[in-house]
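Here, residue 1 is the first one in the sequence, and each next residue gets the next number. Every value quoted in this text rests on a predicted model; they were computed, and no experiment measured them.
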Amino acid sequence: MATSGKNRAFPAGFTWGTATAAHQIEGGNTNNDWWAFEHTEGSGCAESSGDACDSWNRWEEDADLVAGLGLDNYRFSVEWSRVEPAEGEISRAALEHYRRLCGGLRERGIDPVVTFHHFTTPTWLTAQGGWESGVAVERFARFCTVVAEALGDVMSRACTINEPNIVATMGWHAGMFPPGKTDVDLSRTVAGHFIDAHRLSVDAIRGAAPGVPVGLTLSMTDYQLAPGGEEQLTSIRHHAEDIFLDATGGDDFLGVQVYTRMLIGPDGWAGYEDGVPVLDMGYEFYPASLANCLRRAWAYTGGALPLLVTENGIGTTDDAQRIDYVRQALEGVLDAIAEGIDVRGYTYWSLLDNFEWAFGYGPQFGIVNVDRDTFARSAKPSAAWLSSVAAANALPA
Ligand code: GAL
């Protein structure tokens, strides 16, 4: 590896965290578009999210786990359909729940990193046309004001919309997320609405919670050129990444989320190279993708924003493979930092084995296993490994 013989320490102040999302762990989120989709015949969903990890009730156990690992921060999302179960009707109890979570994390020495939208939209809003008609843009900004007013003094960082590029593509082009449509033009319209919503929500959050750093968390893929793919590569990067990166000017940070690479040929994705390891969900095992995407984000934005890895991880039943993946990905982060790229932190996806959207509970991204019947949590060796890296703020020799 290129880093051998180099300093394996991360810069002072580099932050370590782990992430989850409301719908994937809370359970019983029956009032959003995902729940409806999970229960739609023919949607392709493996199963219902059901009780998920019961984290709505067991959040203290989760906070204890993060504290036990000695991580600096915990990234989670607020569930819009709980906070605003009907249009304009705000649940003070739900807001109070998230205040308790933030407070409980702080008491344990953990910075709460709050995501305002992580894939799910209330069904009252989708019924109005949601992201498709664009009515969601203003509604989302209004929701952000409410949440930022409630959590402004207890949250450490705000992430507006999680992977709007994935939501638009998977929901309106690939048909694998709600509403399950396959209309590329519509997916681009939706992407435009998400971009508008990001800009408005940054203003809303700053207005209600001045001083809290705000940014976008974008899914990036290490798109690589296969013979003849030049035009496709430019087009894919433009629609999947660049238009979103263009919307981050003036933000406080850019959250980069990376899982794999894809080879792009004249017809788009060119498939796997012979013999490469492919994981359960179809991702190629390619830890170098993280550093490559950090380089691209940094170059594209001209170094205008500090970068945070807000998600990186691997769905595997082989926990040794997880450690290997994260170690190699972190080697790449060290390389990127050595090249002068301002990377401020690393967040592993995910704390828990949880509801992996259309794939259900099959893929295991967690450093902590959750028993599907009892919800008992048990840390895997990768949790201890990540904990030791965070404590040393360095990779082991
Ligand atoms: C991301 C998403 C997470 C999680 C992860 C693993 O795209 O933000 O919610 O599902 O992928 O596939």
Side-chain angles (χ1 to χ4, degrees), residues 10-11 13-15 17 19 73 75 113 115-118 144 156-169 188 191-206 211-225 230 232-262 264 286-312 329-330 332-347 349:
F10 290 84
F14 191 86
T15 62
N73 62 74
R75 174 174 174 245
V113 176
T115 303
F116 283 62
H117 186 279
H118 196 126
C144 287
S156 301
R157 201 179 300 137
C159 307
T160 57
I161 302 163
N162 184 73
E163 303 189 342
N165 49 347
I166 294 295
V167 182
T169 306
R188 289 182 182 164
H193 292 146
F194 272 120
I195 288 167
D196 294 344
H198 170 66
R199 291 279 17 120
L200 271 191
S201 61
V202 169
D203 294 344
I205 294 167
R206 282 185 174 155
V212 174
V214 194
L216 183 72
T217 50
L218 189 67
S219 170
M220 294 188 74
T221 299
D222 184 5
Y223 295 114
Q224 297 184 2
L225 184 63
E230 287 81 358
Q232 277 290 330
L233 183 65
T234 305
S235 166
I236 288 174
R237 281 181 171 160
H238 172 78
H239 290 291
E241 296 180 350
D242 298 352
I243 56 172
F244 296 93
L245 292 171
D246 289 340
T248 61
D251 292 358
D252 299 303
F253 65 87
L254 171 64
V256 174
Q257 317 204 145
V258 184
Y259 290 87
T260 192
R261 75 159 170 177
M262 287 176 97
I264 304 299
Y286 197 78
S289 57
L290 177 57
N292 289 341
C293 290
L294 290 168
R295 290 184 182 104
R296 178 153 203 281
W298 185 252
Y300 188 87
T301 56
L305 305 175
L307 307 181
L308 279 166
V309 178
T310 40
E311 282 185 26
N312 174 245
L330 287 171
V333 173
L334 282 175
D335 288 343
I337 293 171
E339 291 159 24
I341 300 175
D342 185 5
V343 189
R344 304 263 174 102
Y346 178 86
T347 317
W349 180 273

Value rounded to 0.5 Å, distance of [atom1] in [X] from [atom2] in [Y]:
X: Asn292; Y: Met220; atom1: CG; atom2: CE; value: 10.0 Å
X: Thr260; Y: Leu290; atom1: OG1; atom2: CG; value: 11.5 Å
X: Gln257; Y: Cys159; atom1: CD; atom2: SG; value: 7.5 Å
X: Ile236; Y: Met262; atom1: CD1; atom2: CE; value: 7.5 Å
X: Leu216; Y: Asn165; atom1: CG; atom2: CG; value: 8.0 Å

Holding to side chain to side chain contact (heavy atoms under 4.5 Å, CB included), I want the full list of residues that pass it with [X], two or more places apart in sequence or in another chain.
X: Asp342; answer: Trp298, Pro306, Arg344
X: Pro287; answer: Phe285, Tyr325, Gln328, Ala329
X: Ala168; answer: Val190, Ala191
X: Arg237; answer: Tyr223, Leu233, Asp242, Arg296

How close do [X] and [Y] get, heavy atom to heavy atom, and via which atoms?
X: Phe253; Y: Ala158; result: CZ-O, 3.4 Å
X: Ser201; Y: Cys144; result: CB-SG, 3.6 Å
X: Leu307; Y: Ile341; result: CD1-CG2, 3.8 Å
X: Thr221; Y: Glu241; result: N-OE2, 2.9 Å
X: Ala297; Y: Val256; result: CB-CG2, 4.2 Å
X: Pro164; Y: Ile161; result: CD-O, 3.5 Å

Would Thr310 and Trp349 satisfy side-chain contact (heavy atoms from CB on, under 4.5 Å), going step by step from the backbone distance to the final call? CA-CA 8 Å; Thr310 40; Trp349 180 273; over 6 Å; no
Working for side-chain contact (heavy atoms from CB on, under 4.5 Å), residues Val258 and Val309: CA-CA 8 Å; Val258 184; Val309 178; over 6 Å; no
Tell me every residue that passes ring pair (Phe, Tyr, Trp, His ring centres under 6.0 Å) with Tyr259, counting only those two or more places apart in sequence or in another chain.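 Partners of Tyr259 under the ring pair (Phe, Tyr, Trp, His ring centres under 6.0 Å) test: Tyr283, Phe365.
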Between Thr248 (side chain) and Phe244 (backbone), is there a donor-acceptor pair under 3.5 Å?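 Checking the backbone N and O of Phe244 against the side chain of Thr248, no donor-acceptor pair under 3.5 Å is found.
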So Leu294 and Val333, side-chain contact (heavy atoms from CB on, under 4.5 Å) or not? Walk me through it. CA-CA 8 Å; Leu294 290 168; Val333 173; 4.0 Å; yes
Listed by chain and number, what are the salt bridge (charged side-chain N to carboxylate O under 4.0 Å, His left out) partners of Arg199, not counting sequence neighbours?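 By the salt bridge (charged side-chain N to carboxylate O under 4.0 Å, His left out) rule, Arg199 matches Asp251.
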Is there a side-chain contact between [X] and [Y] in this structure, where contact means two heavy atoms from C-beta onward sitting under 4.5 Å apart?
X: Pro11; Y: Ile337; result: yes
X: Thr160; Y: His117; result: no
X: Asp335; Y: Arg295; result: yes
X: Arg75; Y: Glu311; result: yes

Give the C-alpha distance, both sets of side-chain angles, the deciding distance and a yes or no for side-chain contact (heavy atoms from CB on, under 4.5 Å) between Asp252 and Arg206. CA-CA 11 Å; Asp252 299 303; Arg206 282 185 174 155; 3.2 Å; yes
